[in-house]
2 protein chains.
Amino acid sequence: MPAKRSPARRPTMKDIARRAGVSESAVSFALNDRPGVSEATRARVRRVAEQLGWRPSTAARALSGEGAATVGFVLARPADTLGVDSFFLQLVSGIQEVLAERHLGLLFQVVEDIADECAVYRRWWAEHRVDGVLVVDPRTDDPRPDLLDELGLPAVVIGGAPDERHPGLSTVWADDAGAMASVVDGLYGLGHRRIVHIAGLAGLAHTERRIRTLRAEAERRGLTGVESVTTDYSDAEGAAVTREVLRSAAPPTALIYDNDVMALAGVAVAAELGFSVPADVSVVSWEDSALCRMVTPWLSALSRDSMEFGRTAARELTALLDGGPARTVRVPVPRLVERESTGAARDA
Amino acid sequence: MPAKRSPARRPTMKDIARRAGVSESAVSFALNDRPGVSEATRARVRRVAEQLGWRPSTAARALSGEGAATVGFVLARPADTLGVDSFFLQLVSGIQEVLAERHLGLLFQVVEDIADECAVYRRWWAEHRVDGVLVVDPRTDDPRPDLLDELGLPAVVIGGAPDERHPGLSTVWADDAGAMASVVDGLYGLGHRRIVHIAGLAGLAHTERRIRTLRAEAERRGLTGVESVTTDYSDAEGAAVTREVLRSAAPPTALIYDNDVMALAGVAVAAELGFSVPADVSVVSWEDSALCRMVTPWLSALSRDSMEFGRTAARELTALLDGGPARTVRVPVPRLVERESTGAARDA
DNA sequence: TGCTGACACTCAAGCGCTTTAGCGATCACC
DNA sequence: GGTGATCGCTAAAGCGCTTGAGTGTCAGCA
């Protein structure tokens with residue numbers, strides 16, 4: 001069909017009203033499943049609307065108090081850290097799946113840091129842009145819950161721990177502590193006594209949970225060669241830390257990486273330093289993705305269903321928007337997929 | 001909407017008008033830098049607005065014909081193909097950088113296929129949700145330009161070739177043909193005569209451009225052992241194709257992968273089959289990322305600045321929204337970063 | 001002095017939708 | 001056969017903003 005440069009006006013309720021021979025209000029009632037019109041009229045109006053390809057103008061809807069039919073998602077990452085990260089795209093795509101069903105839009109924004117993120121929330125709120133937001137990367141000392149409370153913006157925190165102080169927020173989280181405990185348990189069983197955890201960003205709630213749990217598990221077993229080192233999640237830092245610990249006097253026999261990218265980088269460094277995986281050092285990636293099957297040996301990884309995580313979060317948010325109570329829901333603990341990068345400790 | 005705890009009402013222009021002792025219209029004039037108010041009044045109104053933390057309601061703005069202050073971005077990907085892809089996040093983050101300056105929102109949506117994508121455009125248009133859209137992954141036979149034309153939605157096609165038939169669309173593209181020619185040239189110079197191009201999705205405009213160019217270059221030089229094989233960009237297909245071609249009677253001495261993920265998978269397969277890189281087979285990745293420095297040997301790759309790509313596209317879109325003419329702008333040709341995975345052909 | 005026009009500002013309509021109040025007709029009921 | 005409910009629908013206001021058409025004031029000029 002050749003491009004027709006026609007005006008292409010959007011049909012409005014007035015058009016429908018005229019064609020159906022009723023008032024605008026009747027159309028509104030009919031289209032919104034409200035009492036006030038007969039079934040016959042409702043059907044007729046529906047038919048005309050369909051025929052005209054009518055869709056409610058979100059602007060008008062929002063103006064008359066119905067909310068913006070949009071939820072917000074802010075990713076606070078320094079631009080250059082936005083690397084190879086399958087998690088967020090998958091999360092978002094799960095979120096979308098749920099939102100799309102309800103014709104909710106997703107307003108997305110990448111910013112540099114939390115301060116900017118807060119500014120974005122304020123702006124969105126003042127501009128009536130979103131009805132609620134999804135918050136990721138909760139921190140141990142996080143200004144966002146307070147802000148959202150203050151603004152009265154419904155929100156779901158993704159990956160946070162249950163938070164008593166903000167009863168208005170829903171939380172969707174995975175039990176990192178449990179997962180860490182089971183990983184350590186597994187490694188201990190394989191004879192590993194010196195374990196280094198190459199963690200993610202310090203200050204992130206789940207990073208801290210993992211670190212705390214690792215420390216607790218170590219203490220419980222009287223292990224001394226166990227530590228966590230925080231990084232910025234980049235391959236560069238992952239590699240650097242790996243190099244450092246493997247070169248130490250008593251190198252660890254097992255490495256736990258907080259994401260797949262660092263695990264991969266770590267394996268490369270290990271190879272370079274003459275460490276064989278898993279004979280000399282075992283490696284576990286706390287994130288499963290295609291990457292883990294792209295190196296030799298294949299990486300054992302904690303696998304979770306990120307899309308489902310997103311779906312769950314989105315469902316909680318829609319529930320909140322529907323006036324439901326805030327809830328805390330726990331998604332399944334990530335499952336350790338044992339591949340080739342983990343084995344018995346050499347000196348066991 | 002459910003009644004949230006504290007009302008926290010947003011200030012409106014009426015509030016400002018009252019506090020400043022002028023009419024709403026005067027406020028509008030003052031705040032929008034329009035003539036009609038004295039500088040003194042303008043300053044006073046500005047001050048009050050600031051003080052009240054006022055921000056225009058996008059809904060109201062949109063309703064009164066000002067547009068939605070939002071642009072749309074649809075990613076059509078089967079959910080399970082959303083893998084490790086640094087390109088899009090970087091692209092989006094470049095886009096945001098430009099949009100944020102102008103306080104434009106980015107409405108983001110992931111869908112299954114192009115048909116859904118078209119449906120989303122129609123919906124967004126009918127709902128007055130976006131003022132323009134950014135289109136990625138243009139195809140050789142693409143229904144989207146026609147649709148956008150019909151809807152009169154300003155749009156920028158990212159990665160398309162210049163398109164005479166749609167004078168209303170802007171295009172931002174990289175010269176894949178030139179890049180491919182230079183890569184082939186380089187490989188030819190190293191003595192490579194049998195080259196296989198593990199391409200991306202058939203039907204994508206840039207995939208076809210690369211394939212056509214490769215064929216042309218091969219013909220020009222009378223090479224017969226040169227071919228392109230299309231894939232779905234996944235590591236699985238990348239690996240499968242690699243395995244197949246390396247096992248053939250006359251295996252290629254150089255492989256060009258359309259993305260980093262497949263290149264990585266390919267290198268793993270090569271190793272598995274006993275091919276040493278680059279001694280037995282050279283590898284080039286058409287996408288540079290951290291991944292390329294995470295394998296041994298480091299991968300030679302075509303590097304481009306994805307964020308800048310995004311910025312350029314966003315700038316074109318804002319220009320279009322400002323009423324500027326549609327343009328076709330070419331971003332710099334990707335540059336081949338020679339690392340360790342390319343070398344002289346063994347049988348040269 | 002009277003007239004014009006620039007200027008600073010106000011009024012009111014309108015964008016597309018929701019929603020409350022209200023109106024006439026029908027119906028049940030005593 | 002009158003009273004009051006109920007039903008199906010319309011009229012009109014209002015959400016927060018823009019905008020074109022006024023209104024009133026004052027400087028400048030003949």
Side-chain angles (χ1 to χ4, degrees), chain A residues 7 9-46 48-49 52-70 103 123-129 131, chain B residues 1 7-46 48-49 52-70 103 123-129 131:
Chain A
R9 211 174 60 78
R10 288 122 165 135
T12 74
M13 285 192 9
K14 196 181 287 181
D15 300 320
I16 302 181
R18 203 175 321 116
R19 302 260 292 234
V22 291
S23 72
E24 273 186 70
S25 336
V27 173
S28 177
F29 292 147
L31 261 14
N32 291 317
D33 284 324
R34 259 159 221 272
V37 289
S38 65
E39 279 312 313
T41 307
R42 193 186 299 280
R44 185 157 38 92
V45 168
R46 281 242 184 76
V48 174
L52 256 41
W54 179 86
R55 298 247 71 218
S57 148
T58 39
R61 269 242 163 98
L63 236 206
S64 30
E66 283 298 277
T70 305
H103 294 283
R123 204 150 55 69
W124 280 352
W125 171 80
E127 292 178 352
H128 279 253
R129 263 181 188 281
D131 299 331
Chain B
M1 283 302 91
R9 211 175 60 78
R10 288 122 167 133
T12 74
M13 283 190 13
K14 197 181 286 180
D15 299 322
I16 302 181
R18 200 170 329 112
R19 303 261 291 236
V22 291
S23 72
E24 273 188 68
S25 331
V27 173
S28 176
F29 292 148
L31 261 14
N32 292 316
D33 284 326
R34 259 159 221 272
V37 289
S38 64
E39 278 314 311
T41 308
R42 192 185 300 280
R44 183 157 37 93
V45 168
R46 280 243 184 76
V48 174
L52 256 42
W54 177 87
R55 294 247 73 214
S57 147
T58 41
R61 268 243 163 95
L63 236 205
S64 27
E66 285 297 277
T70 306
H103 293 279
R123 204 150 55 69
W124 280 353
W125 172 79
E127 292 178 352
H128 279 255
R129 262 181 188 282
D131 300 330

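Below, chain A is the first sequence line, B the second, and so on; all start at residue 1.
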Exercise. Would you mind reporting whether A:Asp15 and A:Thr12 have side-chain heavy atoms less than 4.5 Å apart?
Key: yes
Base, sugar-phosphate, or nothing for [X], non-hydrogen atoms under 4.0 angstrom?
X: B:Val27; result: nothing
X: A:Gly36; result: base
X: A:Glu24; result: base
X: B:Thr12; result: sugar-phosphate
X: B:Ser28; result: base
X: B:Pro35; result: nothing

Exercise. Using modelled atom types only, decide if a donor and an acceptor are shared between the side chain of A:Arg129 and the backbone of A:Ala68 within a distance under 3.5 Å.
Key: no
Could you state the atom-to-atom distance from [atom1] of [X] to [atom2] of [N] in whole Å?
X: A:Phe29; N: C:dT18; atom1: CZ; atom2: P; result: 10 Å
X: A:Leu52; N: C:dC17; atom1: CG; atom2: C1'; result: 16 Å
X: A:Arg34; N: C:dC17; atom1: CZ; atom2: C1'; result: 11 Å
X: A:Asp33; N: C:dT18; atom1: CG; atom2: C1'; result: 15 Å

Quiz item: Of all nucleotides in DNA chain D with an atom under 4.0 Å from a non-hydrogen atom of chain A, which is the first and which the last going 5' to 3'?
Solution: D:dG8 to D:dG16
Quiz item: Start at the 5' end of DNA chain C and walk down; is the nucleotide closest to B:Arg44 or to B:Leu63 reached first?
Solution: B:Arg44
Self-check item: Residue pairs fulfilling side-chain hydrogen bond (donor to acceptor under 3.5 Å, both in side chains) with at least one residue in residues 60-69 of chain B, sequence neighbours excluded
Solution: B:Asn32-B:Arg61
Quiz item: Between B:Thr41 and C:dC9, is there a side-chain N or O to OP1/OP2 distance below 4.0 Å?
Solution: yes
